[in-house]
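Contents: one structure, followed by commentary.
These figures come from a predicted structure and were not determined experimentally.
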Amino acid sequence: MFQVVPKDSAILPGYIPIGIHGNHMDMTKFDNEDEPGFIAIAGELRRWIKELTLLNGQQCGTQYTNATKHSNQHWVVPRPVSKLFTGRTELVLQVQAALRCDYTFSTTRQRRFVITGMGGLGKSEVCLKVADLVREEFWAVFWVNVDKPATAENDFIAIAKLLGRSAESISEALQVLASIKKNWLLILDNADDPKFDYQNYFPSGTHGAVIMTSRVSECKRYSPDAFKALGGLEEQESKELLLKVAGLPQEEWSSFESQAIEVVCLLGSHTLALIQAGAYIARGHCRLSEYPGVFKRQRNRLLTYRPQQAQSRYCDVYATFEASADILKQSQTEAAQDALHLLDILSILASSALPLQVFKEAWNGSRNVISINGDETSSMDALSREHILRLPAFVIADGDEWDPFRLLEACALLESLSLVTRYDSQADGLYGLSMHPLTHAWAKNRQTSIQQSTAWLVTGCVIAFSKSSSPIWQTQEKLLVPHIQSYLDIIVQQVLLFGPTPVVIPILIKCGWILQDMRLDLRLKQLLDDMFEELGKDSLAAQEDTLALHDLQAGSLLDLGKSKQAVTLLEQVVKIRETALAEDHPDRLVSQHTLAIAYKANGQVKDAVILLEHVVKIRETTLAEDHPYRLASQHELAIAYEANGQVKEAVALLEHVVKIQDITLAKDHPYRLASQHTLAFAYEANGQVKKAVALLEHVAKIKENTLAEDHPSRLASQHALAIAYEANGQIKEAVSLLEHVVKFKETTLAEDHPSRLASQHALAVAYEANKQVKEAVSLLEHVVKIQDITLAVDHPDRLASQHALATAYEADGQVKEAVALLEHVVNIRETTLAEDHPDRIV
């Protein structure tokens, strides 16, 4: 705030100054009566009126007969306001306004204000600041520490004695306060026990004013019209506090702007953490620019660091959170124990919002295992009763219906202590929890290594069961990506020591499938490499006891664009399963289904069609019409049909699949969107371009709302929509969208990844259509050069790019090069494609 005039010319001597957010012209203008500035000024003006009335001998309300300016006679406050106090201006004004009664009317209720929030945010400091500002408005200001009943009793009895009255109990002391008709202020600090009824600490009657601080959010009920859930400081205030404590010269603060912002973000604007960080820097342990790096390496040390002077009540950040945990540990109730177990699980995941639906889906998954009636499978990814026994107690597998009571009680208890924050999404009806980054760090660091390993296994069972029973890890991908990444922030060699191999390996494999669904391809590759190494197995040589792991490996190879290796591996898997399993066994069909996809990706389209027709035929006789596996195989067969030039068959089959999924699946379900995407492609190939555009715009819109900007599935739909735009004559839209897609793929995929090359190919074709011929030639030459190295001579993608490059050469006047390249393409297609295949005719 700029200083327009000297401070001494902007205040009245002997009167309390009131800060207003506004410039010189706007400082007396307010939008409404609820603004803190208006409330503060109106209250002060009413107080002046009251004093003038008293001076004229008039009585206007019985409560303030003896209230005169500078009348404070009792000041029982534990310490002065810290010189480090920063910000909170609006809150301070809001509290002051609540403590000031409307003096033109008699008071009908006690004035109160409640401040709630997690430990270390400065609730008590705000009270000290307010008390200091309103001191002369109150005949007495009393401070009572209510963190323990014994402490509260001592403080209340001391107040009664100070007032010359005897009291042997809290109730007697409260009666003394209630009987005093003067204007007093009572501050009830640290009302942090969710099981205690703090109503017993409020004096009866309507006299006086009370401020309460608490970590328990429900305490706002004591003042439903005047309360504040305290959060972190604003960014500017956080930077100011950090730099002030660090002892950096104020005139140089601007040069530390970016460094300060990084630290503020790292600490989540937590007041006490910022003070500790500044003190650590001020003591010369590191520079401001070095603090983030030191924090990541020595987080536990930094968050338990205690400044030598001006310490807070809990001295360090972790101690503030541990005080809440102590309340749970001392409680010994079922809800408290559940809350501590839930806290351990949350510490293994990310601090961001976690939908509690995950726990319900874990219960559903555990019920599926129970329904097997003890028949255990030998597959290395099988979840067993051993996994059920490791689920948290509040996820009860007994009973026929999911009962969220214990989970919700545990959540409510953690929320009441400000250890978690609840969120409700009106859009999807989800309810979940998140944690402040520092609370999350404390929750993890407070555990011993044995406790952490136990928590990792428990959390893994929740994840694995929820994955096995529901697509939630796909439908809620935006929310859940940070959680799977946090959970897998491990070393495989270490987690294999956390429990028996038959318990740990299925958890890791289920997590691997989640990574594949989310298309976190490189993280999945790393996980698989580590698992094969620790198990001493060859990643490209399938064995009967590792088929589940090699299934995942094959999917990973396909996603990484290594279709040849995927085909080789899957042919081994299929051979083993065809030898050991019946023709209609689900595992055998799954392997054949996946091998067909690999054949298609490797350019072996006819092989893909034959194998998928076999799978579809069996599934159509053994599975219901709406069974996901049956629909999935029909979907893949339609894709193969289109690639094989059987466009009409593709359209008919996909329309059938989409029709069923429109009835059985949610609008944003990944399988439904995938089928609509593929149908749109088939429509375009069949000349139904407008239908293709409309359907792809629908799919792309949903994916933009549910998937990250660089998610492969979202980019794939944008790619397809751009191609449809081009076919519909919307060339500029096609170019713009493809440039967007290519930009992301060039930063996330390897140079020879098929998906990256496909989008570059499509962009080059759009460039040519947009008369950007030279750009088209340059980009296609790049694509063809890579595909000449990575793909077989007769691979459809390689031939398509050569064809497109020949067309671009012709448009660029390089006719001889065009003719030579087209003759090469035609010669190969005549030997590999049917006479009436669309690609051969083209």
Side-chain angles (χ1 to χ4, degrees), residues 561 603 643 680-681 684-685 687 689 692-693 696-697 700 709-710 712 714-830 833 838-842:
F681 245 127
E684 186 191 340
V689 178
V693 169
L696 281 168
E697 285 181 332
E709 198 171 18
D710 60 350
R714 174 171 170 175
L715 294 173
S717 292
Q718 291 170 331
H719 172 120
L721 176 57
I723 293 175
Y725 277 153
E726 184 186 347
N728 199 40
Q730 299 170 255
I731 308 299
K732 293 192 183 301
E733 290 90 338
V735 168
S736 176
L737 195 50
L738 281 167
E739 285 179 334
H740 166 80
V741 171
V742 166
K743 179 182 176 182
F744 274 101
K745 288 187 176 181
E746 286 180 347
T747 59
T748 58
L749 301 179
E751 191 178 37
D752 61 350
H753 195 288
S755 180
R756 174 172 170 173
L757 294 171
S759 293
Q760 290 170 330
H761 173 125
L763 176 57
V765 172
Y767 276 153
E768 185 185 343
N770 201 40
K771 308 301 182 186
Q772 297 172 257
V773 177
K774 302 230 177 264
E775 290 90 334
V777 168
S778 175
L779 194 51
L780 281 166
E781 285 179 336
H782 165 77
V783 171
V784 166
K785 181 179 178 181
I786 293 176
Q787 289 179 336
D788 284 351
I789 299 170
T790 59
L791 300 180
V793 174
D794 60 350
H795 194 289
D797 292 349
R798 176 172 172 175
L799 294 171
S801 295
Q802 291 170 336
H803 183 150
L805 177 56
T807 304
Y809 277 153
E810 183 183 358
D812 197 38
Q814 304 179 56
V815 179
K816 288 185 179 180
E817 290 85 346
V819 169
L821 196 50
L822 281 170
E823 285 178 338
H824 166 76
V825 172
V826 168
N827 183 45
I828 294 175
R829 283 179 170 168
E830 284 179 347
L833 299 180
D839 287 350
R840 177 171 173 178
I841 296 171
V842 169

Supply the atom-to-atom distance Leu721 CG to Glu684 CD, rounded to the nearest 0.5 angstrom.
10.0 Å

Give, for atom CD of Glu781 and atom CG of Leu805, the distance between the pair rounded to the nearest 0.5 Å.
5.5 Å

Any donor-acceptor N or O pair under 3.5 Å, side chains Gln802, Gln787
no

Residues at least two apart in sequence or cross-chain that pass side chain to side chain contact (heavy atoms under 4.5 Å, CB included) with Glu751, listed by chain then number, are Arg756, His782, Ile786

Separation of Leu737 CG from Leu763 CG (nearest 0.5 Å):
10.5 Å

Note: Ser755 and Leu749 closest approach over all heavy atoms is CB-CD1, 4.0 Å

Can you tell me how far the OG1 atom of Thr747 sits from the CG atom of Asp710, to the nearest 0.5 Å?
7.0 Å

Between Val735 and Asn770, what is the shortest heavy-atom contact and its length?
CG2-CB, 4.0 Å

If we check side chain to side chain contact (heavy atoms under 4.5 Å, CB included) with Val819, which of these qualifies: Glu817, Glu823, Lys816?
Glu823

Single hit among Val784, Val826, Leu822 for side chain to side chain contact (heavy atoms under 4.5 Å, CB included) with His803:
Leu822

Measure across Pro754 and Gly561 and return the closest heavy-atom pair with its distance rounded to 0.1 Å.
CD-CA, 3.3 Å

How about Glu810: does its CD atom have over 12 heavy atoms from other parts shown lying under 6.0 Å from it?
no

Can you give me the closest heavy-atom contact between Ala808 and Leu780, atom names plus distance?
CB-CD1, 4.1 Å

In this structure, NE2 of His753 is separated from OG of Ser759 (nearest 0.5 Å) by 10.5 Å

Roughly how far, to the nearest 0.5 Å, is the NZ atom of Lys745 from the CG atom of Leu757?
9.5 Å

Val793 and Leu799: which non-hydrogen atoms are nearest, and at how many Å?
O-CD2, 3.7 Å

Mind listing the closest non-hydrogen atom pair of Ala818 and Ala806 along with its distance?
CB-O, 3.2 Å

